[in-house]
S.K.: 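Pasting a structure below so you can have a look.
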Amino acid sequence: MLAPPLRERLLKPTDVSHPDHFHRVVDCQWACPAHTDVPEYIRLIAQGRFTDAYLLNRESNVFPGILGRVCDRPCEPACRRGRVDEKPVAICRLKRVTADLKGEIAHRLPPVPTQKNGKRIACIGAGCASLTVANDLLPLGYAITIFEKQHEPGGLMRTNIPAFRLPTEVLSEEIHLITERGVELLLNTPITSMKALLERGFDAVFVGSGAPRGKNLEIPGRYSDPMHVHIGIDWLESVAFGHITAIGRKVLIIGAGNTAMDCCRTSLRLGATDVKVMARKPLTLLKASDWEMEEAMEESIEIIPCHAPRDFVLADNRIQGMNFDIVEYHEQDGKLRSSTLDSSFFPADDIILAIGQENAFPWIERDIGLEFDQQDVPRVDRGTMQSTRAGVFFGGDAAFGPENIIWAVEHGHQAAISIHKYCRGEDISVRPPIAMNLTSTKMGIHEWSYSNSFDTSMRRKVPHVSLTERFKDIKIEVEMGFTPEQTRVEVERCLNCDIQTVFFASKCIECDACIDVCPTACLTLAVNGEEDDLRGRLKAPANNHKQLLFVSEPLTQTGRVMVKDEDQCVHCGLCAERCPTAAWDMQKSLVKIPYAFDGQSGPGSESRQSGR
Amino acid sequence: MTFMQKPKVSHSKLPRNELGLSIRDYEGSMSTLCAGCGHDSVTAALIQAIWELSIEPHLIVKMSGIGCSSKTPAYFVEGAHGINAVHGRMPSIATGANAANRNLYYIGISGDGDSLSIGLGQFAHALRRNVNMLYLIENNGVYGLTKGQFSASADVGSKAKKGAVNNQPPIDPILLALTLGAGFVGRGFSGDKDQLVPLIKAGILHNGFALLDVLSPCVTFNDHEDSTKSYAHTRRFDRPAVRTDFVPRKTPIQTVCEGGEAIPVELHDGSTIVLRKVSKDYNPVNRDEAYRYVQEHQKGGEIVTGLLYINEDQQEFHALNDTVSGALRDLPYAELCPGSAILEEIQHLYR
Ligand SMILES: Cc1cc2nc3c(=O)[nH]c(=O)nc-3n(C[C@H](O)[C@H](O)[C@H](O)COP(=O)(O)OP(=O)(O)OC[C@H]3O[C@@H](n4cnc5c(N)ncnc54)[C@H](O)[C@@H]3O)c2cc1C
Ligand SMILES: Cc1ncc(C[n+]2csc(CCOP(=O)(O)OP(=O)(O)O)c2C)c(N)n1
Ligand code: SF4
Ligand code: SF4
Ligand code: SF4
Ligand SMILES: [Mg+2]
């Protein structure tokens, strides 16, 4: 018998009834801020059901056509396929396929009642955050008014994401799916006083005004030639609205985030021939996504690391270029420290500053019970999205600083839930739970209702418009989308991680069949232990602590436990197929996501929305 | 039978052996046996052992007779040589193959029916000749392939699935092998790979005939309550007598031998097996004592497992028969087939 203290440290049987357990196994869905059901939409594409796949996407991420092109795609680095053979499934590109090939959908959106519920909601800004709030609340009968200072809706998606990455038609189509269903959209209408707005008697206010201020670089020479030193996001906006149509031949971009990547590629389309991205940090630490850098480099843009801007160089008040400190980095006490090695001059006709954005709320009075922190950022609750003033909610970049579209969408969903509860006088801090459904996929002996084989091919690469064609017009979309043949292969690369291995300990006779057959050595029958000890005794190295261990109840014959390292399970179902007693079953998990819901209608479909 | 193929992917961090191969490189085709069959676990143990020994696949010969057990060679080391003999006739084929090429690793897989019923005579003679091979019996007490009739290893009183009782005394391959003079006698259980894998490794490297009797439950016809060869029954009555550790060549054995009464036995290739008594009054290097111990425990229904007897000093088949030193295929043709004049001479000797 083990001594009691040791026994206490043994791993407890995993509680698989908690919805998070199986949800976490679906790595992509877990990583997606809006929890898009990726494996299901990929299967729908595989079946040629593009419209269904689009609608499934739309339910969680609202803008599949847009996101299928420009999403930050946190799902892809999380994808299990990336752990098993390096490259993740092209989840995002497949999302675009659903948008490109979908049929008529208007009649399949949740109906918007003509009889309104009497509540009026104001949304500030017509970016993706506000649009999501409108999308979720319209079916519940709310009257939505969106105030937008620009003459067109879309926020940064329209003003900053260049058309060669996101065509205007795609953007407009998905915005119209919301705004043309009864939203009062007031363009050219900036809100200049929150106080005044609050006095207009709206039942709730949503602030989706983004993080509109580009960071500046206060170094010598900054203001001497304002015509040729630009703030990245403002410059992109001017390009988007056609106010700027040309730039000098030599351009330096300062900063190396995603804004920098859009600035450099846009410059090439406005006549620049020599564009350099000047990064303060080493290449491995740059903020831009790998694929954005790859695309910039494909267009012969040079990314120059470890160069910190020192001053602007001018002659006769005309920009000549810039001096940089060449820096080196080393780690000290876990912190990255730099030392200057040398300096260097780079010539330029124009310089674009792309070193970040921040939110700014000059139009919110500071005496209305809406608190700001030391950084002048409003205090917003991460769960409810409510500010310190009841009935005023924030979301998107306005809430916690610049992020991305998919986070703005998720904020919008959460804010919609809060607004609905708030308007009904309910406690908004009580959140509707995520639920989980499991259904066996066993159809008969050796018959399963999912395709358990997968394609071992490498990830498909989206074809691009040729380098000779793409610069002819700034509106030419570079990515062409997958060909049907590529789609066919890519959908089969998905491992169906939502087809879960569910274990019934009382049935197991410890015959080892599942352990012997598992291609990726996920399973071990072991004497229980502490987590680290147990990980060290598993069949294959289990060093990825981010991935769960499943530990069963003690088994009847020997008292050992069945341990599964979820890390590299390919969901092939062989364990269940080879188990003589059906102690393993392959069950499809369905994560039911909560959306704003009044007991009858809501933006989520009947089978998938929790609470229905 | 499973129609699904095992995906070609493997765990991205699977270790490699001395040859740079992963354990999956030692697999065979997908098993067609019933799900949960003990034989499949034995297959997995074989794969593990051979991978750990870093044996090149083409140096292995897999042989078997007929039966579910005898299908095993199809399921491990795809790149090896193999033959499926007539029921109970694998020992003769193994003897012939080994006579022709002594430089390969011979692994014979058989069943209790294949070896103890129809093939008993063949089995006994291969053993007596001390053919250098691992002879592994996957013992389930029934003829699995022909739907579960009692085999010669069925215990008295054991009930068949439909209720028939076996009244004939069993043949225990361990006692038989000890009587017939085998130099390596071991018993394992498909459900205990920690014990089985070192036994297989030692058996493969033993210089001479290595008998391994592996209890390997038939889930379909002999895993019910009144069976004496079920998973549950075997687990309940399994009495390991010795623990076997395998120490590869060039590894110091001191640490393994520390504490307890450890008996190191050096194998032909320089690796060592370290035997540790689990039961105090057991002696794995004394044939008579081993025999007595196994028999006594058997009376109480206990199943003694482990490397039960080993003697590395017995002469194997080639030494006994004073054959040429290499494989026949390596002999120059003139030596292998010296011509009719020499034949005439030899025949003359017998006139
Ligand atoms: C150059 C660049 C490229 C990007 N690329 C990507 C990408 O590829 N993928 C991605 O996911 N994200 C990208 N992002 C980030 C993404 O665009 C934002 O995170 C997202 O648009 C935030 O949405 P939002 O609704 O919070 O705000 P915004 O999109 O900023 O919308 C806010 C809206 O509010 C309006 N507004 C502001 N103040 C007022 C006011 N007082 N009264 C009325 N209206 C007002 C603005 O005009 C604007 O229309 C990029 C950002 C930049 C700058
Ligand atoms: C000469 C001959 N006689 C009988 C048979 C029928 N037969 C096939 S397999 C088998 C018994 C196999 O039993 P065992 O060796 O224990 O293998 P298991 O299937 O139990 O693993 C018999 C009798 C045969 N194939 N050939
Ligand atoms: S489904 Fe089962 S057999 Fe397949 S990889 Fe996962 S644990 Fe292994
Ligand atoms: S195959 Fe089934 S009975 Fe056998 S060890 Fe695995 S879960 Fe248990
Ligand atoms: S019949 Fe018995 S011995 Fe044959 S494969 Fe099935 S379980 Fe194994
Ligand atoms: Mg048998």
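What you see below is based on every heavy atom in this structure, not just the backbone, and it leaves out hydrogens, waters and symmetry mates. The sequence lines fix the lettering, A, B, ..., with proteins before strands; numbering per chain opens at 1. Because the structure is predicted, anything quoted here is derived from the model rather than measured.
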S.K.: Let me know if A:V570 has heavy atoms under 4.5 Å from chain B in its side chain, its backbone, both or neither.
M.R.: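 Side chain of A:V570 only, per the 4.5 Å heavy-atom cut-off to chain B.
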
S.K.: Counting heavy-atom pairs closer than 4.5 Å to chain A, which one of B:Q48, B:M30, B:R24 comes out on top?
M.R.: B:R24

S.K.: Closest approach of B:S10 and A:T520, non-hydrogen atoms and distance?
M.R.: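 That closest heavy-atom pairing would be C-CG2, 3.7 Å.
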
S.K.: Between SG of A:C572 and NZ of B:K6, what distance do you get to the nearest 0.5 Å?
M.R.: 8.5 Å

S.K.: Count the heavy atoms belonging to other residues, nucleotides or ligands that lie under 6.0 Å from NZ of A:K588, then report whether that count exceeds 12.
M.R.: yes

S.K.: Taking all heavy atoms of B:D40 and all of A:D516, pick out the closest pair and write down the distance.
M.R.: O-OD2, 3.7 Å

S.K.: Run the side chain to side chain contact (heavy atoms under 4.5 Å, CB included) test on A:Q557 and B:Y231 for me, step by step, so that the C-alpha distance in whole Å, both residues' side-chain angles and the decisive distance to 0.1 Å come before the verdict.
M.R.: CA-CA 9 Å; A:Q557 291 195 12; B:Y231 280 105; 3.8 Å; yes

S.K.: Does the side chain of A:S453 reach to within under 4.5 Å of the side chain of B:Q5, using non-hydrogen atoms?
M.R.: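 Of all side-chain heavy-atom pairs linking B:Q5 with A:S453, none is under 4.5 Å.
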
S.K.: Show the nearest heavy-atom pair for residues B:S41 and A:D512, with the distance to one decimal.
M.R.: OG-CB, 3.4 Å

S.K.: So with a 6.0 Å cut-off around CZ of B:R236, is the heavy-atom count from everything else above 12?
M.R.: no

S.K.: What is the distance from atom OG1 of A:T558 to atom CG of B:D238, rounded to the nearest 0.5 Å?
M.R.: 12.0 Å

S.K.: Looking at B:R235 and A:I509, what are the two nearest heavy atoms and their distance?
M.R.: NH1-O, 3.2 Å

S.K.: Can you see which heavy atom on B:A35 is nearest to which on A:E577, and at what distance?
M.R.: CB-O, 4.0 Å

S.K.: So which atom in B:S31 and which in A:R578 form the shortest heavy-atom distance, rounded to 0.1 Å?
M.R.: OG-NH2, 3.4 Å

S.K.: To the nearest 0.5 Å, what is the distance between CE (B:M4) and CG (A:L574)?
M.R.: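 Between atom CE of B:M4 and atom CG of A:L574 there are 4.0 Å.
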
S.K.: Which answer fits B:E27, side chain, backbone, both or neither, if we ask what part of it has an atom under 4.5 Å from a heavy atom of chain A?
M.R.: neither

S.K.: Taking atom OH as the centre, does B:Y105 end up with more than 12 heavy-atom neighbours from other residues, nucleotides or ligands that are less than 6.0 angstrom away?
M.R.: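 Not more than 12 within 6.0 Å, no.
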
S.K.: Quick check on A:R560 against chain B: is it the side chain, the backbone, both or neither that has a heavy atom closer than 4.5 Å?
M.R.: side chain

S.K.: Find the distance between NE2 (B:H11) and CG (A:D567) and round it off to the nearest 0.5 Å.
M.R.: 5.5 Å

S.K.: Is the number of heavy atoms from other residues, nucleotides or ligands within 6.0 Å of NZ (A:K442) greater than 12?
M.R.: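 Yes, NZ of A:K442 has more than 12 neighbouring heavy atoms, counting only those of other groups under 6.0 Å.
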
S.K.: Using a cut-off of 6.0 Å, state whether more than 12 heavy atoms not belonging to A:E447 lie near its atom CD.
M.R.: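 Above 12, so yes.
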
S.K.: Salt bridge (Lys or Arg N to Asp or Glu O under 4.0 Å), that's the test. Do A:D85 and B:K8 meet it? Break it down for me.
M.R.: CA-CA 11 Å; A:D85 65 358; B:K8 285 282 175 229; over 6 Å; no

S.K.: Can you tell me how far the CG atom of B:L14 sits from the NZ atom of A:K539, to the nearest 0.5 Å?
M.R.: 9.0 Å

S.K.: Regarding A:Q568 and B:S12, do their side chains bring together a donor and an acceptor under 3.5 Å, going by distance alone?
M.R.: yes

S.K.: Sort A:C518 into side chain, backbone, both or neither according to what part of it lies under 4.5 angstrom from a heavy atom of chain B.
M.R.: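 Answer is backbone: N, CA, C or O of A:C518 sit under 4.5 Å from chain B.
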
